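Comments concern the structure below.
The chains referred to below are lettered A, B, ... by the order of the sequence lines, with proteins before strands, and numbering in each begins at 1. Scope of the values below: all heavy atoms of this structure, side chains included, with no hydrogens, waters or symmetry mates. The model shown is predicted, which means the values in this text are computed figures rather than measured ones.
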Protein chains: 2
Amino acid sequence: MTKIRLVLVDDHALFRRGLLSLLEEMPEFEVLGEAGNGKDAVPLVESTAPDVVLLDINMPVMDGLQALAAIRKQRPSQKVIMLTISQNDDDLISAIVAGASGYILKNTEPEALRHTIAQVFAGNSVLSPEVTAKVLQAVRRSQSDKSRGLLSEREVEVLKCLARGQTTSQIAGALFISENTVKTHIRHILEKMEVNNRAEAVARAAQLELL
Amino acid sequence: MTKIRLVLVDDHALFRRGLLSLLEEMPEFEVLGEAGNGKDAVPLVESTAPDVVLLDINMPVMDGLQALAAIRKQRPSQKVIMLTISQNDDDLISAIVAGASGYILKNTEPEALRHTIAQVFAGNSVLSPEVTAKVLQAVRRSQSDKSRGLLSEREVEVLKCLARGQTTSQIAGALFISENTVKTHIRHILEKMEVNNRAEAVARAAQLELL
DNA sequence: CAAGCGGGTGATTTCGCAATCACCCGCTTG
DNA sequence: CAAGCGGGTGATTGCGAAATCACCCGCTTG
C-alpha cells in the first residue's frame, strides 16, 4: 500500500515530536519532514510535495494563515489540515477562505486524527465538532445577509401581503398606493428572487423565512 | 447514566427499523418514537421532547426540510440531525439555515453515527466529510461575495496601486486623477474594510485575495 | 522651517435604484 | 363581451452612493 505522505508544521518541538512518533506508529503514514515556522514550511512543502500538510496557526516568523496562503499559491491543489488550539472565529474563517481542507483542534483523539487525514487525502474535508457549529453559524449569517439586502423595505411589505394571499387591489388598499405600483414592486420581487410568478415568490420567501 | 433520548423520522420502514435496532444495541440511547413523514414527526417531537431528532429529507406528505423548520419553530433549541442520502447543495444549505445541528449521510458507519449523536447532544455540530467540503465552498463563496460588493471598482483600482507600494501622488498619476481624489478613495476603503491605515488595508486585501 | 507624505473634513456632480403611477396585453368567468 | 386579475413595459421623482476635487492638520526629515 502506498503511504500517505505528510509534512508537520508546529513551533512547539515537543508537540511536533510527539505527533511524529504517534503518526509513525500508524503504518499508513509517512512523515517527509517538519518545520517550526511558516517561513521554513513553504519551501519544505515545495520541495517534498506531500499529500497532506498538518499546519499550526500560532507560530513565530510567519503564522499558519500566511503560510497556508503561500503554500496554496504555489501548489493550489495542496491539501492542508489546520491543527491548532485556536477556536477564534477569524482564524477559522480565514483558514477556510485560504483553502484549508480541515480544521481540527489539538485535543483531538489520535484515532480521529487518523480518520481526518484519511478523509482529507480522499478529497473530503473535516472539521472538529467544536468548530463545525461556528462554521454553520457563519453560513446562516451569510445566507440571511444575502436575503436581507436583496429586497427593499417596500418590496418586503408587498411580499408579506402576497404571502397572506392578498390580491393586487387589496395590497394597493392596504399600503395606500396604486395597483400599478404594487405590480411594479411585484415585478422587481420576481426579478430579484429569480422566480416566475407570485406563488413561487411566496413559497421561497416562506422557505427563507424572510417575512 | 441518563440515556440520550431520540426520535427517528424516515419514510422507509425498513431503514427505520434497522436503525432502531442498531441504536437500541447501544446502551446510551433510548428511542422515544418514530415517524414515517414530516406531518407525523412534528407533533411527535412536540409531545416526546427528545434530546435529538434523526430526520430524513426525502419524504412524502411533508419533507424533512419543512419538518425541520416546523420543529425548530416550536422548539427553537431542539437538536436535529439530518440523516439522508441527499448530497444536493440546496438541501444541505437549506438544512443548515433552518437550524440543523448535523448533516450526515446514510452510508455512515454505526460508530460514526454514535459519535455524531453524542457530539450533537453535547451542543456541538457534525457534518459528514463528504458534505463538509460543500459547506466550506459555500463559506468561501459567501466571503468573496461579501468582499466583492464591498468596494467600488475605482476603490479596488486604488487598492491595487496601494498594494504595489505606490504613494498618493504616484497613484494619482497612474489613474489620471488628483491626489485629493486618491485620498478620498483611500478614506472610503479604510472605512469599508474597517482598518485604520494603508498598510492594514493592503494586508487584509492580500489575505482576502481581492486583488 | 519648509517640503513631502499620511490622514481627516467638506463640497460637488453624476448615476443608479427605489418608489410611484399610467398604460397595454391575455386569460378567465359570469 | 366586459369586468377582474395576473403579468409586462415605459416614465417620473427623489435619495444615496460613487467619483471627483479643494482645503486643513500633524508628523518626519533634510
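- Figure legend: Lys79(A) and Phe121(A) shown without cation-pi pairing, the cationic atom not lying both under 6.0 angstrom from the six-membered ring centre and within 45 degrees of its axis.
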Kindly give the atom pairs (protein nitrogen or oxygen, nucleotide nitrogen or oxygen) under 3.5 Å for nucleotides 20-24 of chain C.
| unit_1 | atom_1 | unit_2 | atom_2 | d |
| --- | --- | --- | --- | --- |
| dT20(C) | OP1 | Arg154(A) | NE | 3.4 |
| dT20(C) | OP1 | Arg154(A) | NH2 | 3.3 |
| dT20(C) | OP2 | Arg154(A) | NE | 3.0 |
| dT20(C) | OP2 | His185(A) | NE2 | 3.0 |
| dC21(C) | OP2 | Ser178(A) | N | 2.7 |
| dC21(C) | OP2 | Thr181(A) | OG1 | 2.9 |
| dC21(C) | N4 | Thr184(A) | OG1 | 2.4 |
| dA22(C) | OP2 | Asn180(A) | ND2 | 3.4 |
| dA22(C) | N7 | Asn180(A) | OD1 | 3.3 |
| dA22(C) | N7 | Asn180(A) | ND2 | 3.4 |
| dC23(C) | N4 | Asn180(A) | OD1 | 3.0 |

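- Interatomic distance, Glu157(A) CD to Ile171(A) CD1, rounded to the nearest 0.5 Å: 11.0 Å.
- The closest side-chain donor-acceptor pair between Gln119(A) and Thr116(A), if any, does not fall under 3.5 angstrom.
- Per the geometry, CG belonging to Leu151(B) stands 15 Å off P belonging to dA17(D), to the nearest Å.
- Between Ile189(A) atom CD1 and dA19(C) atom C1' there is a gap of 12 Å when expressed in whole angstrom units.
- Atom CG of Asp51(A) and atom CZ of Arg5(A) lie 5.0 Å apart (nearest 0.5 Å).
- In the model, Thr168(B) has a side-chain atom that pairs as donor or acceptor with a side-chain atom of Arg198(B) under 3.5 Å.
- The CD1-P distance, from Ile171(B) to dC5(C), rounds to 12 Å in whole Å.
- Using modelled atom types and a 3.5 Å distance limit, the side chains of Thr184(B) and Thr181(B) yield no donor-acceptor pair.
- Atom CZ in Arg198(B) sits roughly 10 Å away from atom P in dG8(C) (whole-Å rounding).
- Contact between Leu127(B) and Thr132(A) at its shortest, heavy atoms only, is CG-CG2, 3.8 Å.
- For the atom pair CG (Leu44(A)) and NZ (Lys39(A)), the distance works out to 14.5 Å, reported to the nearest 0.5 Å.
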key: Structure string for DNA chain C in dot-bracket form, Watson-Crick and G-U at under 3.5 Å, | interchain   = ||||||||||||||||||||||||||||||
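- Rounded to a whole Å, the CD atom of Glu191(B) is 9 Å from the P atom of dT9(C).
- The shortest heavy-atom contact between Val9(B) and Asn37(B) is CG1-O, 3.9 Å.
- Distance from the side chain of Ser152(B) is smallest for dA19(D) among the nucleotides dA19(D), dA19(C), dG7(D).
- The nearest whole Å value for the distance from the CD atom in Gln166(A) to the P atom in dG6(D) is 11 Å.
- If you take CG of Leu150(A) and P of dC17(C), they are 13 Å apart, rounded to a whole angstrom.
- Take the nearest nucleotide of DNA chain C for Glu153(A) and for Leu190(B): the residue whose nucleotide is more 5' is Leu190(B).
- Rounded to whole Å, the distance from CG on Asn197(B) to C1' on dG26(D) is 16 Å.
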